[in-house]
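The figures here come from the full heavy-atom set of this structure, side chains too, leaving out hydrogens, waters and symmetry mates. Just so you know, these numbers come straight off a predicted model, no measurement behind them. For ligands, and for the atoms within them, numbers begin at 1 and follow the listed sequence.
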Amino acid sequence: MLRIAVLVSGGGTNLQAIMDAMDSGKITGAEIAVVISNNKNARALTRAAEHGIKAVCISPKEYESRAEFNEAFLAKLNSCKVDLIVLAGFLVVLPEQMIQSYPNRIINIHPSLIPSFCGTGYYGLKVHEAALARGVKLTGATVHFVDEGTDTGPIILQKAVEVREGDTPEILQRRVMEEAEWVILPRAIDLIANQKVSVADGHVTIRA
Ligand code: GAR
């Protein structure tokens, strides 16, 4: 059984999609060992608790420095003995030590088709604002492994979503979540849990 930590900062709809996929058998061979948030008010934490999953908050506000917070966060994660870390709307920059401790064992969901609208400053609604400002006709979501860069790691899955006339950032965000994020994030976890994903030279191969 693959033990997963899901890291969250906000609403937790992607976390919900993962829990639902586990309940319905769309994800096999994996369990959520812990949900960790940097934000004590994250709806994601109550979603986890309602599902009987251990939910903890480690807030930077409770530490004197960023370094101390990073240390506490990594210690908590290590103590949970997880095989895979899933960033599901986690809006904190990961400490380098964490990335090095879990090579190709951290995945992230990003709400655009990388390499468009990604990198520093592109998160949440800002991604969709930028897509609408550029006038793209297609956007989507990407699941990728996390490396030392921002949104630069090997791409696992992508799914395109149509932009429609009259879309607002909020409407587009919702469509990207429903049609892409909630589909490809659970699928990527299932593929990893069933040893179908390999990485070589920065590229992902998926076995049928
Ligand atoms: C999602 O749209 C996710 O793709 C995005 O934050 C939202 C979290 O929603 N992540 C990023 O922008 C990361 N760069 P949720 O808490 O309801 O899952």
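- Clustering ILVMFWY residues whenever any of their side-chain heavy atoms sit less than 4.5 angstrom apart, transitively, puts I58 in the very cluster that holds L94.
- Under the rule for a ring pair (Phe, Tyr, Trp, His ring centres under 6.0 Å), the partners of F90 that lie at least two apart in sequence or sit in another chain are F73.
- A side-chain donor-acceptor contact under 3.5 Å links R3 to the backbone of K81.
- Listed by chain and residue number, the protein contacts of ligand 1 are G10, G11, G12, T13, N14, G89, I109, H110, P111, Y122, Y123, G124, M177, E181 (heavy atom within 4.0 angstrom).
- Taking all atoms of both residues into account, the shortest heavy-atom contact from S112 to T142 is O-OG1, 2.7 Å.
- One finds a salt bridge joining R175 and D167 here, because a Lys/Arg side-chain nitrogen approaches an Asp/Glu carboxylate oxygen to under 4.0 Å.
- Using a distance-only test at 3.5 Å, with no hydrogens or angles considered, no donor-acceptor pair links the side chain of N38 to the main chain of S59.
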